[in-house]
Amino acid sequence: MDIDGFMRGYKSAWEQRDEAAFAALFLPDGRYHNTPFQVQHGRAALAEYWKRVKLQEDVRVEFE
């Protein structure tokens with residue numbers, strides 16, 4: 001996947017608040033650094049972390 005495909009998937013996952021779609025953007029052992037001091041490792045941990053976006057409403061992601 002190229003960066004544009006990743007960003008389109010990221011945008012969709014965030015705006016739809018879809019943790020499975022977010023986790024699917026990563027390899028099975030993928031890592032996501034939400035801060036310099038916290039990292040989620042593996043799709044299950046990524047999906048669990050991403051559930052936090054369900055607390056947000058009216059999210060709109062834009063990128064260039």
Side-chain angles (χ1 to χ4, degrees):
M1 173 183 312
D2 64 11
I3 189 65
D4 192 56
F6 177 86
M7 290 306 297
R8 283 193 313 270
Y10 187 84
K11 171 182 172 56
S12 177
W14 199 322
E15 291 179 348
Q16 300 301 316
R17 301 185 298 176
D18 185 340
E19 69 273 7
F22 171 74
L25 293 169
F26 295 84
L27 294 172
D29 63 344
R31 295 173 185 256
Y32 181 75
H33 296 259
N34 59 308
T35 74
F37 307 107
Q38 290 186 329
V39 60
Q40 289 73 42
H41 181 244
R43 286 183 176 158
L46 293 166
E48 188 62 32
Y49 166 74
W50 203 249
K51 287 180 181 179
R52 295 178 185 183
V53 302
K54 293 186 178 199
L55 301 174
Q56 303 173 25
E57 296 182 13
D58 299 323
V59 173
R60 192 173 95 213
V61 177
E62 294 183 21
F63 65 95
E64 294 181 21

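Remember, predicted model here, so these are calculated numbers, not experimental data.
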Count I, L, V, M, F, W, Y as connected when their side-chain heavy atoms are under 4.5 Å apart, and connections chain through other members. Are Val39 and Trp50 then in the same cluster? no
If the condition is salt bridge (Lys or Arg N to Asp or Glu O under 4.0 Å), which residues does Arg31 pass it with, not counting sequence neighbours? none
Rounded distance (nearest 0.5 Å) linking atom CZ of Arg60 with atom CD of Glu62: 4.0 Å
Expected output: side-chain Glu15 to main-chain Val61 donor-acceptor under 3.5 Å: yes
Residue set satisfying salt bridge (Lys or Arg N to Asp or Glu O under 4.0 Å) with Asp58, at least two apart, ordered chain then number -> none
Met7-Met1 co-clustered via ILVMFWY side chain contacts under 4.5 Å: yes
Taking side chain as C-beta onward, heavy atoms only, is Arg8 less than 4.5 Å from Phe63? yes
Side-chain contact, heavy-atom cut-off 4.5 Å: Arg17 with Glu57? yes
Please tabulate, one pair per line, all N/O donor-acceptor pairs under 3.5 Å involving side-chain atoms of residues 18-30, not counting sequence neighbours.
{"from": "Asp18", "atom 1": "OD1", "to": "Ala20", "atom 2": "N", "distance (Å)": "3.1"}
{"from": "Asp18", "atom 1": "OD1", "to": "Ala21", "atom 2": "N", "distance (Å)": "3.0"}
{"from": "Glu19", "atom 1": "OE1", "to": "Lys54", "atom 2": "NZ", "distance (Å)": "3.0"}

Are Trp14 and Gln56 close enough that some pair of their side-chain heavy atoms sits under 4.5 Å apart? yes
